[in-house]
Amino acid sequence: MNNLNGHMRFPLIEFNGNAVVTTDINVNANNLRLRYSIAVTQGLVWPDFTALERKDELWKSTCLELFLSSPDDPSYLEINLSPCGAWNSYSFSSYREGMKREPDAELVEFEVDSPGVITASFIITRLADPVLFGPATILADKDGSLRYFSTKHGETPDFHDRANHVLVATDDL
């Protein structure tokens, strides 16, 4: 049974840069509410909202991500969100292996509050306690370059690497 309840704030730092994205995560049982706040700058690709739809390969442009896993299980969940309303969730059996669409993550709320701020809520049926959270962001610039943000980075930006995720237990909330 899941006992996670509470609020966490994660500053996401840019790989090889100084910019910061703020991510707030609220957990109430199996309801996960995400809020990403990004300073929208000139040159940032921020697609207009079109429709809520599941779509693949969102990480090729501006994409807000969250990785969730149990510290004792190699499998994990990845959630992707685009400002245009496209989203998806994937499960992996182990590090970058066995990727498939995850049917047990249900988007129940999506709102673009203002340019640079997205709020989304999901029902996650298998949210563990404790849980490893890996919030991340990819920002696309109009020149075609991508900028990567995470709680920490290794030698390359790798959002799937659990070494860059944060362990949170009920006692921490």
Side-chain angles (χ1 to χ4, degrees), residues 8-27 32-50 53-71 74-102 105 107 110-120 122 124 131-168:
M8 295 148 285
R9 175 167 279 175
F10 298 97
L12 307 181
I13 54 174
E14 184 178 13
F15 179 75
N16 290 337
N18 297 319
V20 175
V21 170
T22 301
T23 303
D24 289 287
I25 300 175
N26 289 293
V27 181
L32 188 69
R33 183 177 171 92
L34 312 173
R35 182 176 175 89
Y36 289 82
S37 302
I38 300 160
V40 175
T41 59
Q42 188 172 356
L44 173 66
V45 174
W46 189 262
D48 291 331
F49 179 84
T50 53
E53 63 179 329
R54 284 188 96 140
K55 198 169 184 183
D56 293 319
E57 299 185 344
L58 296 176
W59 54 83
K60 292 184 174 182
S61 187
T62 295
C63 180
L64 315 174
E65 300 190 352
L66 179 64
F67 292 80
L68 300 159
S69 62
S70 169
S75 68
Y76 60 98
L77 178 71
E78 174 184 355
I79 294 172
N80 298 159
L81 296 165
S82 169
C84 72
W87 70 280
N88 220 330
S89 60
Y90 305 96
S91 61
F92 292 81
S93 56
S94 61
Y95 177 75
R96 293 186 179 270
E97 295 292 326
M99 179 180 156
K100 64 180 183 178
R101 276 195 176 184
E102 174 58 56
L107 178 68
F110 182 93
E111 183 178 341
V112 178
D113 300 324
S114 61
V117 179
I118 289 181
T119 302
F122 289 85
I124 309 289
V131 63
L132 283 165
F133 283 109
T137 300
I138 299 168
L139 297 181
D141 288 324
K142 291 179 181 170
D143 67 6
S145 64
L146 297 175
R147 297 163 52 201
Y148 302 93
F149 296 78
S150 183
T151 54
K152 58 183 174 176
H153 297 281
E155 292 190 24
T156 61
D158 183 355
F159 299 155
H160 293 255
D161 186 349
R162 289 175 182 228
N164 301 325
H165 298 176
V166 178
L167 181 65
V168 176

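These numbers were taken from a predicted model, which means no experiment stands behind them.
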Any Trp46 side-chain heavy atom under 4.5 Å of Ile38 side chain: yes
Is there a side-chain contact between Phe159 and Glu78 in this structure, where contact means two heavy atoms from C-beta onward sitting under 4.5 Å apart? no
Atom pair CG/NZ of Leu81 and Lys55 - distance to nearest 0.5 Å: 14.0 Å
Could you pull out the closest heavy-atom pair between Pro47 and Ser82, with the gap in Å? CG-OG, 4.0 Å
Please give me the minimum heavy-atom distance between Leu44 and Ala140, naming the atom from each residue. CD1-O, 3.4 Å
For the residue pair Ser61 and Leu146, what are the closest heavy atoms and their distance? CA-CD2, 4.4 Å
When you compare the side chain of Trp87 with that of Phe110, does any pair of heavy atoms fall below 4.5 Å? no
Only one of Leu64, Thr137, Thr22 passes side-chain contact (heavy atoms from CB on, under 4.5 Å) with Leu12; say which it is. Thr137
Between Glu14 and Phe149, is there a side-chain heavy-atom distance shorter than 4.5 Å? yes
Can you confirm whether more than 12 heavy atoms, excluding those of Asp143, are under 6.0 Å from its CG atom? yes
Could you tell me whether a side-chain N or O of Ser94 sits under 3.5 Å from a main-chain N or O of Pro74, the two making a donor and an acceptor? no
Return the minimal non-hydrogen interatomic distance between Ala120 and Leu107, and the atom names on each side. CB-CD1, 4.1 Å
Regarding Ser89 and Arg54, do their side chains bring together a donor and an acceptor under 3.5 Å, going by distance alone? yes
On a heavy-atom basis, which atom in Thr62 and which in Val45 lie closest, and how many Å separate them? OG1-O, 2.5 Å
Please answer whether the main-chain N or O of Arg9 pairs with a side-chain N or O of Asp24 as donor and acceptor at a distance below 3.5 Å. no
How long is the span from the OG atom in Ser69 to the CG atom in Leu167, to the nearest 0.5 Å? 9.0 Å
If you look at every heavy atom in Ser91 and Glu102, which pair is closest and at what distance? CB-OE1, 3.1 Å
Could you tell me whether the side chains of Asp56 and Tyr90 share a donor-acceptor contact shorter than 3.5 Å? yes
Show, in sequence, the C-alpha distance, side-chain angles and deciding distance for Thr23 and Thr151, and conclude whether the side-chain contact (heavy atoms from CB on, under 4.5 Å) test is met. CA-CA 10 Å; Thr23 303; Thr151 54; over 6 Å; no
Test item: Leu77 and Phe122 side chains (from C-beta on) under 4.5 Å apart, heavy atoms: no
Just how far is it from atom CZ of Phe15 to atom CD1 of Ile138, taken to the nearest 0.5 Å? 13.0 Å
Worked verdict on Leu58 versus Glu65 for side-chain contact (heavy atoms from CB on, under 4.5 Å): CA-CA 10 Å; Leu58 296 176; Glu65 300 190 352; over 6 Å; no
Would you call the rings of His160 and Phe92 parallel, tilted or perpendicular if under 30° counts as parallel and over 60° as perpendicular? perpendicular
Backbone N or O of Asn16 within a donor-acceptor pair of the His153 side chain at under 3.5 Å? no
Examine the side chains of Asp158 and Thr156 and answer whether a donor and an acceptor come within less than 3.5 Å of each other. no
If you define the side chain from C-beta out and look only at heavy atoms, does anything of Tyr76 sit under 4.5 Å from Arg162? yes
Sub-4.5 Å side-chain heavy-atom contact between Tyr36 and Leu66: yes
Counting distance only, does the side-chain N/O of Lys152 pair as donor-acceptor with the main-chain N or O of Ala163 below 3.5 Å? yes
Can you find a heavy atom in the side chain of Ile25 that is under 4.5 Å from one in the side chain of Val168? no
Say whether, by atom type as modelled, one donor and one acceptor occur between the side chain of Thr119 and the main chain of Arg35 under 3.5 angstrom. no
